[in-house]
Amino acid sequence: MTTTETAKVTDADKAAIAALTQKVIAAWAYHDADAFADVFTEDGTMILAGSFANGREEIRAFLKDAYATNYKGTQVTGKPVGLRFLSADSAVLLTQGGVLYKGESEVADHNAIRASWTVARQDGEWRLAAYQNTPRDK
């Protein structure tokens, strides 16, 4: 990033990007596929182990099904571990966390992940353009 672009990045931008993790955690807590999908850009992508969703509508459909089946009764947790701006309107956020199954208060090692979030500012709001995670210990 150039010095001019760096000057455009504010602490509010950094906080808004980090807050995307909390939006995802909250949407998952309520198994709200609409709120989860709305964190993404219209053409955003989501790659999870064994699945790929392209666009908000595919993400929404995937989660509606997942919340009723594989992820029923689950929660997710995660925290930012790195943030790098590519420009004043795009960045890569790195997180670690995972899925909490019923009765768990800590993510089991086999469910722990690291993730990359490519984020973009659109119409003044930070959104998730691409998300991908991988097992933490592989």
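Predicted, not measured: the structure shown is a model, and the values here were computed from it. These numbers come from the heavy atoms of this one structure, side chains and all, not from hydrogens, waters or symmetry mates. Throughout, numbering of the chain's residues begins at 1 and tracks the sequence.
With rounding to the nearest 0.5 Å, the separation of CD1 in I113 from OG1 in T95 is 5.0 Å. Considering OG of S51 and CE of M46, their distance stands at 5.5 Å, rounded to 0.5 Å.
For Y67, the ring-ring contact (aromatic ring centres under 6.0 Å, His included) test picks out W28, H31, with sequence neighbours left out. Residues that satisfy the side-chain hydrogen bond (donor to acceptor under 3.5 Å, both in side chains) test with T41, not counting sequence neighbours, are D43. Taking D32 as the reference, Y30, D34, A35 meet the side-chain contact (heavy atoms from CB on, under 4.5 Å) condition, with sequence neighbours excluded. With sequence neighbours excluded, the residues satisfying ring-ring contact (aromatic ring centres under 6.0 Å, His included) with W117 are Y131. By the side-chain hydrogen bond (donor to acceptor under 3.5 Å, both in side chains) test, D123 pairs with no residue at all, sequence neighbours left out.
In plain terms, the two heavy atoms of K8 and A88 that are nearest each other are CB-CB, 3.7 Å. Of all heavy-atom pairs spanning A33 and L63, the tightest one is CB-CB, 3.8 Å.
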Show me the donor-acceptor pairs within less than 3.5 Å that the side chains of residues 16-25 make with the rest of the protein, sequence neighbours left out.
from: T21; atom 1: OG1; to: A18; atom 2: O; distance (Å): 2.7

Donor-acceptor list for residues 98-110 side chains, cut-off 3.5 Å, not counting sequence neighbours:
from: E104; atom 1: OE1; to: Y101; atom 2: N; distance (Å): 2.7
from: D109; atom 1: OD1; to: R136; atom 2: NH2; distance (Å): 2.9

As a quick check of understanding, evaluate side-chain contact (heavy atoms from CB on, under 4.5 Å) for L83 and L94, giving each step before the final call. CA-CA 6 Å; L83 176 62; L94 302 176; over 6 Å; no
Would you please test K14 and V9 for side-chain contact (heavy atoms from CB on, under 4.5 Å) and show each step? CA-CA 8 Å; K14 294 173 187 175; V9 174; 4.1 Å; yes
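Residue pairs meeting the salt bridge (Lys or Arg N to Asp or Glu O under 4.0 Å) criterion with at least one partner in residues 67-76, sequence neighbours excluded, do not occur; the list is empty. Residue pairs meeting the salt bridge (Lys or Arg N to Asp or Glu O under 4.0 Å) criterion with at least one member in residues 73-93, sequence neighbours excluded, are D89-R121. The salt bridge (Lys or Arg N to Asp or Glu O under 4.0 Å) analysis of residues 45-59, with sequence neighbours excluded, yields the pairs E42-R56, E57-R60.
Counting heavy atoms from C-beta on, the side chains of L48 and N133 come closer than 4.5 Å. The shortest distance between side-chain heavy atoms of F40 and R127 does not fall below 4.5 Å.
If you chain together ILVMFWY residues whose side-chain heavy atoms come under 4.5 Å of each other, F52 ends up grouped with I47.
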